[in-house]
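See structure below.
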Amino acid sequence: MADRVNSLWRFSLEVYRRQGVESLCIHLQDSQGDDVNLLLLCCWAGVQGRELSRDYFDALRADANLRQWRAHCIEPLRRLRREMKTLSLEGAGSLRADVKSLELQAEKLQQDYLLKSVSKLPAAPGGGNPRLLVNNLRNYRTALGGVALEQAEVRIFLAAAYPDLSSEELA
């Protein structure tokens, strides 16, 4: 399990750094209430050949452990880190970096938890493909109660998860 956890985390870090992903994730998080870890899980699962159904996401939303972890650990750390940006006390930058590190550790623990749930799902015959990624994102957004991602937003995730796709394949 540790190798898969590390592969999900490595995948997330790599994809998050690709063009447009960070700003899109933060925008969706702040404006629509998206969970960045779930967006990245949608991408990873699609690449791994796993389809994440709306029922899967409904079960995650109902999971008290996951809700409490986000509400009591991840979100307070994120708020604190963001609020610290405005502080000009000497040493605040170093402390903010420490808080960011704690926030990332909390995010990784959430991914560990998510991976345990997704590893129980069967892999699609033939492995991963872009269509699975798109379906995962659609199912997630439907379960979230949000509107579907715009085509340009989906293309950002596709290009990040499948960097070798041609522009025609991304259309």
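Basis for what follows: all heavy atoms, side chains included, without hydrogens, waters or symmetry-related copies. All values derive from a computational prediction rather than experimental measurement.
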Please check: side-chain N/O of [X] versus main-chain N/O of [Y], any donor-acceptor pairing under 3.5 Å?
X     : Y      : answer
Arg54 : Asn139 : no
Asp34 : Val36  : no
Trp44 : Trp9   : no

Do Leu60 and Leu114 have side-chain heavy atoms sitting under 4.5 Å apart? yes
Heavy-atom check, side chain of Asp30 versus side chain of Arg82, under 4.5 Å: yes
How far apart are the C-alpha atoms of Asp112 and Lys116, what are their side-chain angles, what is the distance that settles it, and do they pass the salt bridge (charged side-chain N to carboxylate O under 4.0 Å, His left out) test? CA-CA 7 Å; Asp112 294 349; Lys116 288 177 186 171; over 6 Å; no
Check for me, please, whether [X] and [Y] land in the same ILVMFWY cluster - side-chain distances under 4.5 Å, paths through other members count.
X      : Y      : answer
Leu41  : Ile74  : no
Tyr113 : Trp69  : no
Leu109 : Leu104 : no
Ile26  : Leu38  : yes
Leu133 : Tyr16  : yes

Exactly one of Lys108, Arg17, Gln111 clears side-chain hydrogen bond (donor to acceptor under 3.5 Å, both in side chains) with Ser12, and that residue is Gln111
Hey, could you give me each pair passing side-chain hydrogen bond (donor to acceptor under 3.5 Å, both in side chains) that has a residue in residues 121-138? Not counting sequence neighbours. Asn135-Arg138
Where at least one partner belongs to residues 91-107, residue pairs that pass side-chain hydrogen bond (donor to acceptor under 3.5 Å, both in side chains), sequence neighbours excluded: Asn37-Glu107, Arg78-Glu103, Arg78-Glu107, Arg81-Glu103, Ser101-Gln105
So how far is it from Ile156 CD1 to Leu24 CG, rounded to the nearest 0.5 Å? 5.0 Å
Minimum heavy-atom distance between [X] and [Y], given as atom pair plus value:
X      : Y      : value
Leu132 : Gly46  : CB-CA, 3.9 Å
Tyr162 : Gly128 : OH-C, 3.8 Å
Tyr56  : Ser117 : OH-OG, 2.7 Å

Other residues, nucleotides, ligands: >12 heavy atoms within 6.0 Å of Glu75 CD: yes
